[in-house]
Amino acid sequence: MTWHADAGLGINVAPKTTLEIGGRYSQTNKLAFEGQDAGVATSYEPKLRTISGMLGIRHIF
């Protein structure tokens with residue numbers, strides 16, 4: 001299962017220009033891999049997480 005949450009803020013810096021600041025948290029889990037390590041059966045169940053930030057400028061023409 002994969003999911004993410006976003007949050008952001010826009011700040012007007014001029015009548016037609018906005019500074020945007022945002023962030024995202026993503027997570028993937030319920031992955032399962034079966035295999036062998038030196039002849040011994042093994043499994044691996046990773047939980048992947050990321051946090052990212054974004055900065056942008058929006059201008060209306």
Side-chain angles (χ1 to χ4, degrees):
M1 174 169 58
T2 300
W3 65 274
H4 74 265
D6 295 324
L9 177 66
I11 302 167
N12 290 330
V13 293
K16 293 186 173 185
T17 306
T18 303
L19 177 64
E20 297 178 334
I21 302 168
R24 173 179 283 173
Y25 176 83
S26 300
Q27 181 172 316
T28 302
N29 55 12
K30 296 194 179 180
L31 296 174
F33 301 98
E34 303 290 329
Q36 290 190 1
D37 183 16
V40 178
T42 186
S43 65
Y44 178 60
E45 296 180 14
K47 183 182 255 187
L48 308 171
R49 297 181 207 146
T50 62
I51 298 173
S52 58
M54 296 161 275
L55 178 62
I57 297 174
R58 179 176 52 195
H59 184 76
I60 300 171
F61 294 96

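Residues take their numbers from the sequence shown, with the count starting at 1.
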Checklist entry - If we only count heavy atoms from C-beta on, is the Lys47 to Gln27 side-chain gap below 4.5 Å? => result yes

Checklist entry - Shortest non-hydrogen contact from Leu31 to Pro46? => result O-CD, 3.8 Å

Checklist outcome for this item: Heavy-atom nearest pair, Met1 first then Lys30, reads N-CB, 3.9 Å

Checklist entry - Going only through I, L, V, M, F, W and Y residues with side-chain contacts under 4.5 Å, is there a path from Trp3 to Ile51? => result yes

Next on the checklist: Using 30° and 60° as the class boundaries, would you call the ring planes of Phe33 and Tyr44 parallel, tilted or perpendicular?
Outcome noted: parallel

Item to check | Heavy-atom check, side chain of Leu55 versus side chain of Leu19, under 4.5 Å | outcome: yes

Checklist entry - Once you round to the nearest 0.5 Å, how far does CD of Glu45 lie from CD of Glu34? => result 7.5 Å

Checklist outcome for this item: Here the pair of heavy atoms bringing Asp6 nearest to Arg24 is OD1-NE, 2.7 Å

Checklist outcome for this item: When rounded to the nearest 0.5 Å, the distance separating CG of Asn29 from OG1 of Thr2 is 7.5 Å

Checklist entry - Should the heavy atoms of other residues, nucleotides or ligands under 6.0 Å from CD1 of Ile57 be counted, would the total exceed 12? => result no

